[in-house]
Amino acid sequence: MSKIVRPEDSVLRRFLLLELFAGLWVTLKHQFRPHVTQEYPRERPELRPRFRGVPRLRDHPGAEGPLCVACNQCALACPDHCITVVAEDRKGGKGKQPKSFHIDYERCCHCGLCVDACPTKPITAIYMSHDYEMAQYARDDFMTDLRGLYEGHVPREYKR
Amino acid sequence: MFGTTEMQINMGPQHPSTHGVLRLELKLDGERIVDTRPVIGYLHRGCEKLGEDRTYAQAIVYTDRMDYCAAFAENLVYAEAVERLLGVEVPPRAQYMRVVLAELQRIASHLIWLGTHAMDIGALTVFVYGMREREFILDLFESYCGARLTYNAVRVGGMPEEFPEGWVEEARRFCDVLPSRLDEYHQLLTANRIWLARTRGVGTIDGKTALDWGMTGPCLRGSGVAYDVRKAIPYEAYADLDFDVPIGEAGDTYDRYLCRMEEIRQSRRIVLQALDKLPGGEIRGKVPRRIKPPKGEVYHVNEGPRGELGVYLVSDGSEHAYRCRFRSPNFVNLQALPDMVRGHLVADVVAVIGTLDIVLGCVDR
Amino acid sequence: MSETLLRFVVVPVAQIAVVIAALLLIVVYLVLLERKINAFMQVRLGPRRVGWHGLLQTVADVIKLFTKEDITPRHVDRLVFLLAPVVIILPALAAFAVIPFSGGSFRVGSVGVRAWISDVNVGLLYLLAITSLGVFGVVMAGWSSNSKYPMLGGLRSAAQMVSYEVPLGLSVVSILMLAGTASLVGIVQAQESAGRWFLFWTPYPQILGLFLYFVSGVAETNRLPFDLPEAENELVAGFHTEYSGMKFAFFFLAEYINMVLVGCLVAVLFFGGWLPVTFGIPGLREPLSNFFPFWGGAGAMLTGFFWFGLKVFLVLFLYLWMRATYPRYRYDQLMRLGWKVFIPLGLGHVMVTALAILVRRG
Ligand code: SF4
Ligand code: SF4
């Protein structure tokens, strides 16, 4: 436990408005410091490798067929219940593959639990991408299907 | 012939400085406040109910959304409560990592408080400076867990991931710059006569009243009561770390301001110590994939940036909590607002809201 | 064209047109300057999208404000509500009628043109009178809005402007005594013949006077740290909360014009108006008061504009700088400061100045 330190106070200091000038000095100094903001659409933010954008699907570069085994683990782990997987038999092999795979981006909260749950480790079929500009014109557009999940979000032109 | 009537005025929920969607019904006599009634609930999202409907791992995601300025502290307290229910031991490395992140979160949260509090009182620039330093911390969190605001960065039984490469050095760099930046805030505010005039003797509350209201955190310590969960009931690795808990005397806005400013320094000290002592080893304790705690109940607290954060969980042995309840320091501290502003002027309401440092997401849950 | 027509109609009208146009231009760029300076002090960049480095940002804003739907809320007192912006902007503009912007003169035909619209021998009184009219606009706006926040703002503002009028007047009184005239041109000429600005007047430099004048001026124009009437964190937007579009633009304009006015007056009263900055070296005076000697009087006028503009700019910069730095006073504290500190200080200042004048006369 410790007492807080109070700034010293003297008559001279008060009378000559010293602390007011000290404040002015701080802001003046900053006038000549480089800016720290980004001009957003023109300058893109630098994302850290672990950045969690919207979840997407990917395949193993070398392997045949989809990496996802349609095990539904991600859908179970998702706190917002925004993943829907429909499985079908894997073409030319045993096991399963997703017939359809939907993520409702409108509800996704980017928590990353689906990735934690995915069993195809170390490269998980579902992963947190670096896409973050997800605005849409209609609510339905947030529902993303297999194609959208593989190819990423394509902004749609707005037409009235 | 001429009488005066009290004027009733609504402050919020769409008011620039009620920090979200707080609504205050003020009764004014001229500009003097006769009575205040906080009206809350505009941001109620049912986090507690959701915590009973989701599994223990999923519920952590919802704690993020309560106090969005200090999401990590909420993650932590919930995970700790579940760990106590389960009776798992958190490996030491994870404990230290949690301390580091929790203290960084405390600094970030206090910086937001400083910025908004100063801006409410009219000092526009401090807000931007505070945000600039907070940006560092957000970057640190982004590179640790990938998110900048709602982290979901704790798992029951440990931590989800190791610190990435270079993270510790980056955190140290931040701790190196922080003191000089703090000095700048002090130069702008601490001795400034306008700041003193606006904060000294405003929203005074003495230690006993504050305790009676159940206030915690810097709001209580500003009134001279030395209560800090980190010292009182040490959790995680706090028992091994050396830090001071600053306490004020007068219990006014100015003392709370000084307390928080000093807490930022102490948090920095803790971060540096914890980084130095960071042990090696595992980061996840032995927790089954499906978390099914035995029947029982637990109430767990820790020290969030705004005061004592509590979680009460009742387990019926299934995957979901039977009852989940959060003790929000914001909610409790807010209760004292009418007492603190009575007899002051309208402008002081804004200062007091700032000094209580409420986050409406946590008040309404 | 007859000389009378030229002298009494054409030239004054032209002058007024020039002053108003220049004023609007200055305000447009003052707003931009404010945003830029604030931004730089806050390690940001400020507006950058419209025009080169945001140079046209305010122009865009003005166009936006003027083309916006003109909303008059249903519950307002219509006539007063509409009148308030006009009442607030007219005195602000009218005050510039007596400001001498520069020395020198040139001739159009047989008529000499000077850099002021008129030189009234009671110029200072006129200014004090007309600037205090502005408060009516504020009160009217606050009252007619028929809404709680604007009313609080209007009342605060009325109290504040009325209180700070007094120290403002007091600091002007000592200048009046020093110059021996209430004509603004006369005041500058007095500083010219004395060879030094009133700020450095011996044996009693008017530093306290400048301080009083400037701070009261900031309070009069409702700027931070005295911007209580529109303290956006307490009263949302103060007396003009209910205004939008063009009517709001008028309030905005009036505020900035008043800032420029305070800048001009500080320059005239304390910094010697259009007189050059000579650092006390008499030899510099001649070359610095006319950069373009081959143009004669017109050259002197242009040079005067430069010096005058420089001084006004410095004052305005201080305004913006303070805005970026300080928190805001509380209403009662402001009143206390005005009545208990500034008015006694002002009275004392007047007395000391009077004594100093006696000492100087011997
Ligand atoms: S990131 Fe979270 S919310 Fe989004 S799909 Fe994955 S589990 Fe669901
Ligand atoms: S993405 Fe992963 S967790 Fe989800 S269904 Fe496919 S394999 Fe299973």
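Lettering follows sequence order; numbering is per chain, from 1.
- When each of B/E170, B/M131, B/H186, B/R148 is checked for heavy-atom pairs under 4.5 Å with chain A, B/E170 comes out on top.
- Here the closest non-hydrogen pair linking B/A250 and B/D255 is N-OD2, 2.7 Å.
- Each of B/E184, B/Q187, B/E135 has some count of heavy-atom pairs under 4.5 Å with chain A, and the biggest count is that of B/E184.
- At a 4.5 Å heavy-atom cutoff, the contact between B/S143 and chain A is made by backbone and side-chain atoms alike.
- For B/Y144, the parts lying under 4.5 angstrom from a heavy atom of chain A are both the backbone and the side chain.
- Applying the salt bridge (Lys or Arg N to Asp or Glu O under 4.0 Å) criterion to B/R284, with sequence neighbours excluded, gives no partner residue.
- In this structure, no portion of B/R221 lies under 4.5 Å from any heavy atom of chain A.
- Side-chain N/O atoms of B/Y257 and B/T190 include a donor and acceptor closer than 3.5 Å.
- Ring pair B/W195/B/H117 is perpendicular by interplanar angle, where above 60° counts as perpendicular and below 30° as parallel.
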Run the numbers on B/E263 and B/H110 for side chain to side chain donor-acceptor pair (under 3.5 Å), then give the verdict. CA-CA 8 Å; B/E263 265 178 36; B/H110 279 0; 2.8 Å; yes
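- With sequence neighbours left out, the salt bridge (Lys or Arg N to Asp or Glu O under 4.0 Å) criterion links B/D64 to no other residue.
- Contact annotation for B/P164: both backbone and side-chain heavy atoms come within less than 4.5 Å of a heavy atom of chain A.
- For B/A153, no part lies near chain A; criterion is any non-hydrogen pair under 4.5 Å.
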